[in-house]
Amino acid sequence: MPSIANYRGIIPAISCPFTPDHRIDEPALRKLASWLAGHDGVVAIMTNGHTGEVFSLTPAERAEVTRIVADELKGRCPVISSIVCEGLKDAADHARAAVAAGAVALDVMPPHHWLRFGFTSGHALQYFEAIHQAAPEADLVCHVYPAWTRASYSSQLLADLAKLPYLQAFKVGQRDMNKYARDIQAIREADASKAILTCHDEYLLASMVQGVDGALVGFATFIPQLIIDLWNAVKAGDLKKAMEVQAVITPLKDAVYGGGEPTGEAHARMKGGMYLAGVIDDATVRPPTEAPNAKEMDALRAAVKQAGLLQR
Ligand SMILES: N[C@@H](CC=O)C(=O)O
């Protein structure tokens with residue numbers, strides 16, 4: 001029995017508001033979580049993603065972010081926490097801490113050393129199994145990295161992962177459309193009940209029309225309603241409407257992602273956009289990530305304004 005009944009829809013990877021002196025801003029995080037969960041079409045919230053600046057948070061802070069969001073949303077919206085670790089024991093500790101903090105599912109990012117040294121399918125299967133053994137009550141979500149990284153999963157490995165009873169969803173970000181299509185097919189053939197969620201923040205419409213079940217993206221912490229509208233249009237097969245919504249999203253996407261992929265600075269720009277849209281009151285990011293410069297803020301302001309979202 002999955003720990004989350006419905007993965008099909010939009011799952012924002014929540015941003016982590018900080019105070020001006022770089023502490024987790026609990027009231028702001030609660031407010032953001034509540035606002036996101038209040039959108040019809042948001043089916044869960046994910047903490048500790050890249051958008052949540054997980055790379056700047058200590059293990060205790062990661063659990064604290066999850067505790068705050070889960071406590072705020074209890075009974076309203078399930079919380080998934082990302083796990084980004086190196087070894088099996090480390091991952092098991094993080095998994096236990098995330099579940100104790102209130103996460104009911106865990107998004108498993110590949111360990112950093114795989115990016116440097118590569119990995120075998122056996123390593124990956126052991127890694128997922130160790131996390132499952134540490135937190136058997138939690139569903140696992142497989143976070144699929146870009147095809148150009150050394151942590152890219154083969155279609156065969158994705159099919160093997162899809163057969164794991166405790167793995168319920170895939171957050172897929174191959175950024176290679178041939179591999180994306182092949183991987184989706186491989187997962188569907190292995191177990192059609194598993195949810196497939198695009199995480200191509202910068203290719204939302206293009207990746208949504210490939211037969212997926214929704215989106216698990218950081219971009220949805222900023223513009224949840226636009227992404228829900230886009231998804232609803234895609235689900236309804238209304239390409240005209242979908243293209244209209246994407247036309248509003250595209251300037252925002254360019255201002256946030258700079259015509260490229262998500263990066264730490266892109267997440268900082270997203271906080272700048274959220275500030276302009278009145279979603280958060282303080283756009284502080286943790287060093288060494290750098291805040292947007294004046295030119296980037298001007299571009300964000302223009303993009304937020306054309307979307308009709310400008311509040312400041
Ligand atoms: N969606 C990204 C991470 C984001 O900020 C991914 O592809 O992993």
Side-chain angles (χ1 to χ4, degrees), residues 7 9-17 32 36 42 44-57 62 65 80-85 105-112 114-115 124 140-153 158 161 169-177 179-181 183-184 187 195-208 210 212-224 226-227 230-231 249 252-274 279 283 285-286 289-290 292:
Y7 284 92
I10 303 304
I11 304 180
I14 193 169
S15 189
C16 181
L32 178 60
L36 291 171
V42 165
I45 304 276
M46 190 181 94
T47 57
N48 296 313
H50 299 122
T51 308
E53 295 173 71
V54 65
F55 38 80
S56 80
L57 300 171
R62 295 175 193 193
V65 167
I80 304 166
S81 172
S82 264
I83 300 291
V84 50
C85 296
L106 303 168
D107 167 70
V108 180
M109 293 190 198
H112 165 267
W114 294 359
L115 291 162
L140 300 190
V141 176
C142 172
H143 191 143
V144 178
Y145 271 25
W148 53 264
T149 68
R150 295 200 71 187
S152 167
Y153 294 168
L158 291 172
L161 290 166
F170 291 83
K171 168 171 161 50
V172 284
Q174 292 86 340
R175 293 170 170 85
D176 167 331
M177 292 313 256
K179 180 157 168 48
Y180 184 57
D183 289 350
I184 290 171
I187 294 167
I196 304 178
L197 304 164
T198 180
C199 72
H200 296 85
D201 307 75
E202 71 284 25
Y203 304 114
L204 281 174
L205 175 55
S207 62
M208 278 179 175
Q210 304 284 324
V212 295
D213 300 304
L216 198 177
V217 283
F219 208 8
T221 197
F222 174 20
I223 49 164
L226 281 167
I227 296 176
L230 181 66
W231 175 237
I249 293 176
L252 292 159
K253 179 266 291 183
D254 287 339
V256 168
Y257 297 109
E261 291 188 17
T263 59
E265 271 65 37
H267 302 134
R269 288 191 289 275
M270 184 144 48
K271 274 188 166 172
M274 292 164 76
V279 173
V285 287
R286 268 192 177 172
T289 299
E290 291 170 7

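Hydrogens, waters and symmetry mates play no part in the numbers below; they use all other heavy atoms, side chains included. Each ligand, and each atom within it, is numbered from 1 in the order the structure gives. Since this is a predicted model, take the numbers as computed values, not measurements.
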| Between Val84 and Asp107, does a side chain to side chain contact (heavy atoms under 4.5 Å, CB included) hold up when you go through it step by step? | CA-CA 9 Å; Val84 50; Asp107 167 70; over 6 Å; no
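- Contacts of Lys179 classified as salt bridge (charged side-chain N to carboxylate O under 4.0 Å, His left out), with partners at least two apart in sequence or in another chain: Asp183.
- Qualifying salt bridge (charged side-chain N to carboxylate O under 4.0 Å, His left out) partners for Glu265, counting only residues two or more places apart in sequence or in other chains: none.
- Taking Tyr257 as the reference, Phe219 meet the ring pair (Phe, Tyr, Trp, His ring centres under 6.0 Å) condition, with sequence neighbours excluded.
- With hydrogens and angles ignored, the 3.5 Å screen pairs no side-chain donor or acceptor of Gln174 with any backbone N or O of Tyr145.
- Aromatic rings of His143 and Phe170 (six-membered ring for Trp) have centroids beyond the 6.0 Å cut-off, not under it.
- Sorted by chain and number, the residues within 4.0 Å of ligand 1 by heavy atom are His50, Thr51, His143, Lys171, Arg175, Cys199, Asp201, Pro262, His267.
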